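Everything below concerns the one structure shown next.
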Amino acid sequence: MAQKPSIPKGTRDFSPEEVNKRNYIFEIIKRNFVKYGFQPIETPSFENYETLMGKYGEEGDRLIFKILNSGDFLSKVKDDTFAEKDSQKMTPQIVEKALRYDLTVPFARYVVQHQNEIEFPFKRYQIQPVWRADRPQKGRFREFYQCDADVIGSESLWQEVELVQLYDDVFTDLKLGGTSIKFNNRKILTGMAEVIGESDKLIDFTVALDKLDKIGKDGVINEMLSKDISQEAIEKINPIFDAKGDNKAKLEVLNTILKESTIGQKGIEEVQFILDTLQEIPLQSATLELDITLARGLNYYTGAIFEVAAPENVKMGSIGGGGRYDDLTGIFGLKNMSGVGISFGLDRIYLVLEELGLFPTSAEAKTKIIFINFGEKEALYALKAITKLRKENISAELYPDAAKMKKQMNYANKREIPFVVLAGTSEIEAEQFTLKNMKTGEQELVDFEGLKSRILDYV
RNA sequence: GUGGUUGUAGCUCAGUUGGUUAGAGCGCCUGAUUGUGGUUCAGGAGGUCGUCGGUUCGAGACCGAUCUUCCACCCCA
């Protein structure tokens, strides 16, 4: 090899084994999406630059992969822009497409564009890769899959309840116990900012608050101070730093702090509703935890916010997230469309399942039987049997070349194919097959029905 | 975007203060065994030491740049 080929930073190739395991997760998620009445859509991998920019905050804009225009794009740049050598200023003049950053904004665009064909409330699911120009690290890639389910066109809180159930159903099916669905409400955070008189610094406030369990109370206070949030303001919400215990205890703290805030009270009501309902219909394997410091960066959320934490013994960022956004389609010109949705981070779920050894062996769909190729006549005899086996939905193969026996056996062994058929002149004459069980090494002479039943018994 | 870290055979890794022809295990290929794999034995192939440049009589080793790996920050699935 002159030069070893490679793939871009933060991207991966997937081996057959890995794809099988990924499909296992995809299928469980998809099955549950369908079970809850969501319908699939797909959108292009790249959107117009303008569609994506400004929807994810400043940080998000930086992480969007931009696609350079085709042709002699530099000649179209204005001379003064060119002379300035300012990449940010030049970008809009040389870029008009970008890879999608998530599935929610493309979905909003889709809804606006197809509003006349859509029956609202519209429940859609979407499983596609997204791209971020981030620096890779544990559980973080530049290309990864999101599995989203959103409902748009209804303000009903029953949707929030159902989405929590959906999370629980998926993690239960994956046998992934111990996940924690953390939730909060943006109205509560807005209320807090309002009560302390720092409404204009809502984003800075929530971003700092979100780090409580990571950098501690002092760390959060320092960050807030550095963002010009006053000492008195921080004092006022001091109780939330120490709010511990169950959901009920936390709600009490909130009730005290947000007494004066209409929006804050609304948030508490919403949280209360979700908690009360799920008290009546308990979850199976996940726990629902009110986390009053949970903020999430995306600034389009307006109501409920969700984030799913992997089981405690696994070091991994969130494996899912979501929330309510009252005005996502507003930026594309469709007002009064409230939506709520959740997302599963497939690649992180994969890492968690791998670490905990939770992939079933059946996640590896394999060939069950392979026929040794002894030559033209024998191969035809074999292929006739294989054709019939495949009609029975049994994965069967013919070794394509009349290679040495040793080589063919070796191939079967390496591929972990459980049965090998040897059918030469004598078997053909007797309309039989020599079936070898690769695990035990035993061989027996059987007819076609015998072949079929041995394999079906094995599975 | 900031800081650190990694790169030697297909894989996992040795390689002494800079000194002949860069090693091991596993894997791979061939044969023992032309209708029997996984075990055993014998033999064999495979490396511009990530890349480019510099220091030196001499660089896998030292220096610089760059790419890549992993990790932390920022942010996030």
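The structure displayed is predicted, hence computed values, not measured ones. A, B, ... follow the sequence lines: proteins, then strands. Residue 1 opens every chain.
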Basic-acidic side-chain contact under 4.0 Å: A/Asp134, A/Arg140: yes

Touch class at under 4.0 angstrom, heavy-atom based, for A/Phe344 against every strand present: nothing

Geometric class of the A/Phe433/A/Phe371 ring pair [parallel <30°, tilted 30-60°, perpendicular >60°]: perpendicular

Parallel, tilted or perpendicular, as decided by the 30° and 60° cut-offs, for the rings of A/Tyr350 and A/Phe359: tilted

Salt bridge present between A/Arg415 and A/Glu397 (N-O < 4.0 angstrom): yes

A/Gln137 side-chain N/O to B/rA72 phosphate OP1/OP2 under 4.0 Å: yes

Aromatic plane relationship, A/Tyr110 with A/Phe122 - under 30° parallel, 30 to 60° tilted, over 60° perpendicular: parallel

Rounded distance (Å) that lies between atom C1' of B/rC76 and atom CG of A/Leu346: 16 Å

Test ring-ring contact (aromatic ring centres under 6.0 Å, His included) applied to A/Phe38 - qualifying residues, sequence neighbours left out: none

A/Arg132 and A/Glu143 ion-paired at < 4.0 Å: no

Sugar-phosphate only, base, or nothing, as touched by A/Lys404 at under 4.0 Å among non-hydrogen atoms: sugar-phosphate

Rounded distance (Å) that lies between atom P of B/rA77 and atom CD1 of A/Ile25: 18 Å

Mate of B/rC13 where both pairing distances stay under 3.5 Å, Watson-Crick or G-U: B/rG23

Distance in angstrom units between A/Ile7 CD1 and B/rU68 P, rounded: 11 Å

Sugar-phosphate, base or nothing in reach of A/Glu427, heavy atoms under 4.0 Å: base

Closest to side chain of A/Met405, choosing from B/rU36, B/rG37, B/rC76: B/rU36

B/rG25 to B/rU20 separation - C1' atoms, rounded to the nearest Å: 26 Å

A/Arg415 (side chain) and B/rG37 (base): donor-acceptor pair under 3.5 Å: no

Any-strand Watson-Crick or G-U partner of B/rC73, both distances under 3.5 Å: B/rG1

Closest to side chain of A/Phe141, choosing from B/rG37, B/rG35, B/rA77: B/rA77

Sugar-phosphate, base or nothing in reach of A/Gly139, heavy atoms under 4.0 Å: base

Heavy-atom donor-acceptor pair, A/Glu416 side-chain to B/rG38 base, under 3.5 Å: no

Protein-nucleotide distance (A/Ile64, atom CD1; B/rC76, atom C1'), rounded to Å: 13 Å

Pairwise C1' distance, B/rG47 and B/rU21 [rounded to whole Å]: 13 Å

Listed nucleotide nearest any side-chain atom of A/Thr434, set B/rA77, B/rU2, B/rG35: B/rG35

Worked check of side-chain contact (heavy atoms from CB on, under 4.5 Å) between A/Phe344 and A/Ile342: CA-CA 7 Å; A/Phe344 292 82; A/Ile342 57 172; 3.9 Å; yes

Short side-chain N/O contact to B/rC74 OP1/OP2 from A/Lys211, under 4.0 Å: yes

Nearest-nucleotide comparison on RNA chain B, the residue closer to the 5′ end among A/Lys9 and A/Arg62: A/Arg62

Sugar-phosphate, base or nothing in reach of A/Gly10, heavy atoms under 4.0 Å: sugar-phosphate

Given B/rG37, B/rC71, B/rA77, the nucleotide with the shortest approach to the side chain of A/Lys138: B/rC71

Touch class at under 4.0 angstrom, heavy-atom based, for A/Lys414 against every strand present: sugar-phosphate

Sugar-phosphate only, base, or nothing, as touched by A/Leu422 at under 4.0 Å among non-hydrogen atoms: base

Separation of the C1' atoms in B/rG1 and B/rC74, to the nearest angstrom: 8 Å

Salt-bridge present (A/Arg22, A/Asp347; N to O < 4.0 Å): yes

Donor-acceptor pair (no angle test) under 3.5 Å: A/Arg140 side chain, B/rC75 base: yes

Nearest-angstrom distance from the residue atom CD1 of A/Ile127 to P of B/rA77: 17 Å

Who pairs with B/rU39 - Watson-Crick or G-U, where each distance is under 3.5 Å: none

B/rC76 base / A/Arg348 side chain donor-acceptor hit below 3.5 Å: yes

Within residues 160-169 of chain A: residues closer than 4.0 Å to RNA chain B (heavy atoms): none

Salt bridge (Lys or Arg N to Asp or Glu O under 4.0 Å) partners of A/Lys250, counting only residues at least two apart: A/Glu289

Under 3.5 Å donor-acceptor pair, A/Asn413 side-chain atoms to B/rG37 base atoms: yes

Evaluation steps, side-chain contact (heavy atoms from CB on, under 4.5 Å), between A/Met53 and A/Ile64: CA-CA 8 Å; A/Met53 290 304 284; A/Ile64 291 173; 3.8 Å; yes

Rounded distance (Å) that lies between atom P of B/rG35 and atom NZ of A/Lys407: 16 Å

Sugar-phosphate, base or nothing in reach of A/Asp347, heavy atoms under 4.0 Å: nothing

Separation of the P atoms in B/rG15 and B/rU8, to the nearest angstrom: 14 Å

Spacing between A/Lys436 atom NZ and B/rU36 atom P, to the nearest angstrom: 9 Å

For B/rG44, the Watson-Crick or wobble partner whose two distances fall under 3.5 Å: B/rC28

Nucleotide paired to B/rU51 in any strand shown, Watson-Crick or G-U, under 3.5 Å: B/rA65

Sugar-phosphate only, base, or nothing, as touched by A/Gly57 at under 4.0 Å among non-hydrogen atoms: nothing

Nearest to side-chain heavy atoms of A/Asn410, which nucleotide of B/rU2, B/rG37, B/rC75: B/rG37

Phosphate OP1/OP2 of B/rC73: any A/Lys214 side-chain N/O under 4.0 Å: yes

Sugar-phosphate only, base, or nothing, as touched by A/Gly320 at under 4.0 Å among non-hydrogen atoms: sugar-phosphate

Under-4.0 Å salt bridge between A/Glu442 and A/Lys436: no

B/rG44 and B/rU5, which share atom name C1', separated by this distance in whole Å: 39 Å

Same-atom distance (C1') from B/rA9 to B/rC73, integer angstrom: 37 Å

B/rA77 pyrimidine/purine six-ring stacking with A/Phe144, under 5.5 Å and 30°: yes

Between P of B/rC74 and NZ of A/Lys227, the distance in whole Å: 11 Å

Sugar-phosphate, base or nothing in reach of A/Ser318, heavy atoms under 4.0 Å: sugar-phosphate

Side-chain donor/acceptor contact of A/Gln443 with base of B/rU36 under 3.5 Å: yes

Separation between the P atoms of B/rA59 and B/rU16, rounded to whole Å: 16 Å

